[in-house]
Each structure stands twice: as C-alpha cells, then as structure tokens.
Amino acid sequence: MNLFKLATLLTLTAALAACNTTDRLANIGNAPPLTAIADPTTTAGYQPVRMPMPEAIADTYQPNSLYRTSAKGFFKDERAHRIGDILTILVTIDDNAKIANTTQSSRASSSSAGMGGLFGAAVDNLSGGTIDPATAIEFDSGMSNRGNGSVNRSESLETSVAAVVTQVLPNGNLVIEGRQEVRVNFEVRDLIVAGIVRPSDIQANNTILSSKIAEARISYGGRGQITDVQQPRYGQQAMDAILPF
C-alpha cells in the first residue's frame, strides 16, 4: 500500500470517527432509538425471492363437490397464507460441534557416491587424504511436519417472534420476514428472522418451528452502551486492517 492510499484511508477513518463521536455526544443521556416500523419490501437491499417452480396446475372441480385440486385443505383455517398475514416463529437453536484433527508426517533420505581409479586418486591427492574417495559425494535430506487443530462450539437460543408474509411463490410457499426490537434501559436487542416456509408446516395455532424454515436467516444481536463498549474503536480497527503484524 503506497503512502497516498494510506493517507486517504487514515483521512476517511478520522472522518468516520469524528461523525461517530459527534453522534455519541449528541445522544449522551438518551436511550438508543428504535427502528420505525416499515414495509420490508421497500428497505434498501431488498430483493424478491426467486426459486425453481413446478408447472402450474389449473383448478378443476368434480361434479357435486366443493373440493378443488389446488386446495391445501378442505376446511378453511386462520393460518397465514396470503401477503400481509402474520405467523409466529418459534426459534429454537441448540447446536454443539466438536472437531479435532491431528496431522503428522516425516521423511528422510540419504544418497552417497564414490569415485575410484584416476579420479579417486586425484581427489585423494588434492585433499591430502582427508576425503574418502569411496564417499566423495553425499546427499542428506529430511522433512518433518506436525499440525493440530480443534473446534469446540456450543450455541443455544430459544425465543419467538412474529413474522409477516412478504411474498407468495408460484408453488404456494411463503416468504416471511420478522423483526423484533426490545429495549431495556440503554440497550436494544434485535432479533431478525427471514426465510421460506411451506403452508403445510404451519401448525394449527399459526406457529412454525425455525427448523422448518428453508433458506433461514436468523440474526440475534444488540446495540447500545454495552455493545458499544465491547467494540474496539475505529482507529484500532483501521490499524488492525493496515498493519501486517
């Protein structure tokens, strides 16, 4: 990285730090604000979900029957099935992973060559008898490698959040997205859940397990005074990205 790029990066870092410092000074004594309720399809970065779809089947009715071929059930219920409907997601995550790997390898080789006759005598005379012509050339090599690695991870989360149906795919699957913010004193906890669900996986009480969500995106975090203290300053983050050691 040349001096110009380094100076530009330091200038931008200083500007961001100044803006952050100004915002923090302006909000001294105030609780972190909650995000306004908004249509998730209008937020920046939102993209409609496109998935492989089966061929559409036209509705057909049998004589003297109220049942149609595309119906999910005979009796109507109050489970979410249209855009704007609300359902409750039961988030249950209890993951444990333990992995341990050990690698060890070694190699050794040795080669020797001698010279006899006229060439051997010439080497013996030139060296004053300090080199044995029988082993005038020798090669030795060796290699050793050893590595150890381990992973021990444990995650647990159990909560619930209400989500809104934002899209109905051609095959009837529902795209859902829900967000929950809870502020306690000066700390805000965010829970975001999004993904694709089958209407048949929604239980009779209009709830669904998080394990039934395809392409699930679950985020649980926070912001506020405690989270701010736990984060390194912008200057330290910039130096960590620049310094190679």
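Side chains are part of it too, since the values below use all heavy atoms of this structure and drop only hydrogens, waters and symmetry mates.
A distance of 4.5 Å separates OG1 in T102 from CG in N148, rounded to the nearest 0.5 Å. To the nearest 0.5 Å, atom CD1 of residue I213 and atom CD1 of residue I218 are 6.0 Å apart. The CG atom of D190 sits 7.5 Å away from atom OG of S219, with the distance rounded to the nearest 0.5 Å. D85 CG to T166 OG1: the interatomic distance, rounded to the nearest 0.5 Å, is 11.5 Å. A distance of 13.5 Å separates CD1 in I176 from CD1 in I83, rounded to the nearest 0.5 Å. With rounding to the nearest 0.5 Å, the separation of NZ in K212 from CD1 in I89 is 14.5 Å.
A donor-acceptor contact shorter than 3.5 Å links the side chain of N206 to the backbone of I86. A donor-acceptor contact shorter than 3.5 Å links the side chain of Q167 to the backbone of V49. In this structure, R189 contributes its side chain and E187 its backbone to no donor-acceptor pair below 3.5 Å. The backbone N or O of L169 lies less than 3.5 Å from no partner atom in the side chain of N173, so there is not a single donor-acceptor pair. T103 contributes no side-chain N or O that, together with a main-chain N or O of R146, makes up a donor-acceptor pair within less than 3.5 Å. The backbone N or O of T92 lies less than 3.5 Å from a partner atom in the side chain of S210, making a donor-acceptor pair. At least one donor-acceptor pair closer than 3.5 Å links the side chain of R79 to the backbone N or O of I202.
Hydrophobic clustering, with ILVMFWY side chains joined whenever heavy atoms are under 4.5 angstrom apart, keeps V175 apart from V165.
With a 4.5 Å cut-off on side-chain heavy atoms, I208 and L90 do not count as touching. Two residues are said to be in side-chain contact when any heavy atoms from C-beta on lie closer than 4.5 Å; V168 and L174 meet this criterion. Considering only heavy atoms from C-beta on, Y220 stays 4.5 Å or farther from V91 through its side chain.
L191 approaches S160 most closely through the heavy-atom pair CD2-O, 4.3 Å. Looking at every heavy atom in both residues, V161 comes nearest to Q180 through CG2-CB, 3.7 Å. P199 and G172 get closest at one heavy-atom pair: CG-O, 3.2 Å.
Open room surrounds CD on E158; 12 or fewer heavy atoms of other groups in view lie less than 6.0 Å from it.
Looking at R179 and E177, no side-chain N of the basic residue comes within less than 4.0 Å of a carboxylate O on the acidic one, giving no salt bridge.
Of the residues T43, T41, T42, the one that meets the side chain to side chain donor-acceptor pair (under 3.5 Å) test with D39 is T41.
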Please walk me through it: do E215 and R217 pass salt bridge (charged side-chain N to carboxylate O under 4.0 Å, His left out)? CA-CA 7 Å; E215 298 295 328; R217 302 294 185 268; 3.3 Å; yes

